[in-house]
Structure formats: C-alpha cells, structure tokens
Amino acid sequence: MNQKKRNKKFEELDKRYIWHPFTQMKDWLDDAPLIIEKGKGSYLIDIYGKKYLDGVSSLWVTVHGHRKKEIDTAVKKQIDKIAHSTLLGLSNVPAIILSEKLIKIAPKGLSKVFYSDSGSTAVEIALKMAFQYWQQKGTEYKNKTKFISLYNAYHGDTIGSVSVGGIDLFHQIYKPLLFDTYKIESPYCYRCSLKKTYPDCHLECADYAKSVIKKLADNTAALIIEPIVQGAAGMLVAPDGYLKKIRELCSKYNILMIADEVATGFGRTGKMFACEHEGVLPDIMAVAKGITGGYLPLAATLVTDEIFNAFYGEYKDLKTFFHGHTYTGNPLACAAAIANIDLFKKERTLQKLQPKIKYMTKRLKELEDLNHVGDIRQKGFMVGIELVKDKGTKEPYLLEEKIGIKIIKEARKHGLIIRPLGNVIVLMPPLSIKIEELKRLLEIVYICIREVTEPRLQ
Ligand SMILES: *Cc1c(COP(=O)(O)O)cnc(C)c1O
C-alpha cells in the first residue's frame, strides 16, 4: 500500500471506530482528522510528515520533550526485565526506587506513596483515604464525612472526582450521581464573584472560605484544591497568599488539605510543585500528568504518616485501605518516571526554565494590545489567554461561536498544536522547549488570535 493510500485508510478507520474524549463527534466527522505518528523534542509529526510545535505538551504531560533519550532507554531497559507485575501482595524494583525519589522531592511531611494510573484515580484515592482516615481516627470524628471544594475546580472525570468538581459545563448533567460537597468561591480575579479587585480586596474570597470552613468543620473530612492554578477552568491563577490562607484555615479547623497537583506538578509552574510557591505542606497530594514526562500512564497519592497510621493495625481490625488498580505501580511506567525525575537534576530543568518563563511573560504582554484579549494569566509555564467579545464589559464569546476552536485550527495551519478551554487559549509547552521555539509559538499565537478575532483589520 502506498503512503497516501495508507494515510487515507487511517483517516477512514479513525472515523469509523474511535470515539474521541471531550469531543463532539459530529464536528470531528466533518473534518479530516489530524493523526500524529511521531514526535521529537518539542515537535509532533503527523502521518504526512508535517511538523507541529507541541504547544500543550500533549495535554499537559510532556516535560523533557518527545523521544527523550534517557527516558526511551529507561523504558527499553525495563522492557528487557519485566513489563508488569502487581503491587498487590508483591513489590517491584522501579516502584520502590521511584517512591523514595517522590518523597525526596515532595513537600515536607509527605512520607508514603500510593500508586495508581491517572489523575482521576489519584484524586479518588485521596478522597477515600481522607474519608476513611476520620472514620478510623476515633468515634468523635465520625461525622467528618463531607468535602469542601472550589467553584471552577477540575479534579478528573470519575464520579468521585466529578463530585468535587465545579465546572458546570462538564459536571452538571451528572449531578444526580454525585455526592454532596460544599463549594467555596474560586479565586478568579478577572471575574471575581465578590466583585472585588486584588489587592484592595485583601483576599475577601479567603475570608468567605473561612466562614464556610468554620461552620462546616465538624462535618468535613477535607478540602480539595488545585494549588495556585485552576487548570481546566482556564488557567485561573490564584492571587498571592490565597493558598497559604487556605492551608492555615484547614489546620485551624482540623480538616485535611488535599492538594491536587496533577496539572501543576513536575515543574509546570516554575517550581517542582505549586505548593512550594507559598511554603504549603498538604496532608495528601495527588500527582499524575507530568510524572512520567508524558510517556506512560502513572499517578500517585502521597500522604503523611498521620494519615497512614490511621490505617495501620491488626488485620482483624479491618483498617486496611481496600483499594488498588490492576496496573498500580506498573514497572514500565515507574521506570519512565524515575528517568524523568532524574533528568530534572541532570539537566537543571527548573533553573533553565526560569529565563524561559520571563521571556514568555515579556512576549505575552504584547498580546494585551489585541482588541479581544481580555485577560492573560500565567504561572510559570501554565498560560491562559481569555478572549472576550468586548474588552470594556468583559462580555464573553458565546459557546457556539467556537472562538477558541477557530484559533487553534488557524494555529495548525502555521504548524502549532494547541487546545483551548472554551474561550481560553491554553499554552503549556514542554519545559524543555528552546527559546527560538517558544518565540515562534508566541508569534503564531499572536497572529492567529488577531486573524480570527479582528478579521477586518487584515
Ligand atoms: C487532568 C487533571 C486531572 C485528571 O487526570 P486524568 O489523568 O485525566 O484522570 C485531575 N486533576 C487535575 C488538576 C487535572 O488537571
């Protein structure tokens, strides 16, 4: 079969058999699918051999680039030993080595690693552990069964993680299936629900959180939060001091704090974990996405001794954590994660990232002049550009205008892959991106936003 025929066949088969995630399949079937076959560094290469810059790290996971030699080698070496063996009743070498590495880089106090295979499962585990912790801690805590979470939160797609989610577009329809949670305001400064302006607001949203936490503490097991950046809601960056305040409130009112670092972890915000920006030590931390550098599905829920000890006891006491996914601690995935974490030190990834973050900040400023760029949010290498119909009134584009989708389609023509969140253009390149590549990425984004939102000016 010649190349062209082969490619047509792939396009046809995709449309025939695959149901794509978070995708209206009617739209998908109307278009020719873009099919990726290879990658190298910051680039993705499609079946026709066309190269694209990977502007969203293949959905927020790629850290050191595609086909990174050290990670490739680590996975191949592990393949020659064993691909999978269970952690239920057995252990394996890469899972052990990785657990020590994770605890060494994690915020202080976290001391045990519970593996799973996606961000959603890492969050489910965190929620179940927090719940069970209080049930086993003592009869006086039996009522601590509920969760507090934030509006605009995204913690994954399984039912537990959707229960603590707060994005109506994704979550509304499942309401009858979900357990009740208490919601607190989202620190979304551009559209502050309390109609305040930072810093004059003195973090009134945190005061509001305080009133909720104080009132509900006796019935609440934990508060779950995406530290510093609410990612899927459109890269909403919390004002300085907010996270620290939330941590203080959790401690004061005796509820656990779960940090969902699934998106923010592994350098994405400029530090290894976002909690570090404010010296916050969570009781439970969920990590996934960047853990294997974008190679294989792996996740972990890290906890303190205090949590772990509440599950520790005689077999007959049934304090066991009865939870475990089949691929928990998969050796291949753990081998990739070890290599990825080692690269942070070997390549001084975080140090080298700092000038790139500054460069990004500088170039993003140029976008402020565009007529439909309402807000630009950045924390490290997590960027959200919120487009609005009217800058003065902040009137949003309607969903059906598909403004984000139009812009990312335009970007493809220029050789850049990005994926929007509604009216927000997300930029999250691999940490290893070169300055020249970053320059090109930002130039393309500028051109495409202008071309799509100000067509008359062309
Ligand atoms: C992506 C994400 C998840 C879910 O991770 P999956 O691997 O897609 O299940 C959970 N929390 C946050 C903050 C995320 O960004």
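As the structure lists them, so they are numbered: ligands from 1, and atoms in each ligand from 1.
- Every atom of ligand 1 with a heavy atom of Ala263 under 4.0 Å away is listed here by number and element: 15 (O).
- The protein non-hydrogen atom at the shortest distance from atom 1 (C) of ligand 1 is Lys289 NZ, 1.5 Å.
- Below 4.0 Å from some heavy atom of Gly156 lie the following atoms of ligand 1, by number and element: 4 (C), 10 (C).
- Listed by atom number, the atoms of ligand 1 under 4.0 Å from His155 heavy atoms are 10 (C), 11 (N).
- Ligand-side atoms of ligand 1 in range of Ser120: 4 (C), 5 (O), 6 (P), 9 (O), range being under 4.0 angstrom from any heavy atom.
- At a 4.0 Å heavy-atom cut-off, ligand 1 touches Tyr154 through backbone and side chain alike.
- When the heavy atoms of Ala232, Ser116, Gly119, Ala259 are ranked by distance to atom 7 (O) of ligand 1, first place goes to Gly119.
- The distance from ligand 1 to the heavy atoms of Ser118 drops below 4.0 Å at these ligand atoms: 7 (O), 9 (O).
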When you look at Tyr43 and His66, which way does the ring pair (Phe, Tyr, Trp, His ring centres under 6.0 Å) test go after all the steps?
CA-CA 7 Å; Tyr43 289 91; His66 297 282; 9.7 Å; no
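- Here the two rings, on Phe311 and Tyr133, have centers that are 6.0 Å apart or farther.
- The aromatic rings of Phe266 and Phe273 lie perpendicular to each other, with more than 60° between the two planes, well past the 30° mark.
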Would you please test Ser120 and Thr158 for side-chain hydrogen bond (donor to acceptor under 3.5 Å, both in side chains) and show each step?
CA-CA 6 Å; Ser120 304; Thr158 54; 4.6 Å; no
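- Considering backbone and side-chain atoms together, Thr121 places no N or O closer than 3.5 Å to any N or O of ligand 1.
- Partners of Ser57 under the side-chain hydrogen bond (donor to acceptor under 3.5 Å, both in side chains) rule, at least two apart in sequence or in another chain, are Arg268.
- Taking the six-membered ring where the residue is Trp, His372 and Tyr397 present tilted rings, their angle falling between 30° and 60°.
- Which parts of ligand 1 touch Asp260 is read off a 4.0 Å heavy-atom cut-off, strictly below it: atoms 10 (C), 11 (N), 12 (C), 13 (C).
- Of all the heavy atoms of Glu226, the ones lying under 4.0 Å from any atom of ligand 1 belong exclusively to the side chain.
- Lys175 is linked by a side-chain contact (heavy atoms from CB on, under 4.5 Å) to Asp168, Gln172, counting only residues two or more places apart in sequence or in another chain.
- In summary, the side chains of Ser251 and Glu248 do not present any donor paired with an acceptor at a separation below 3.5 Å, with no hydrogens or angles considered.
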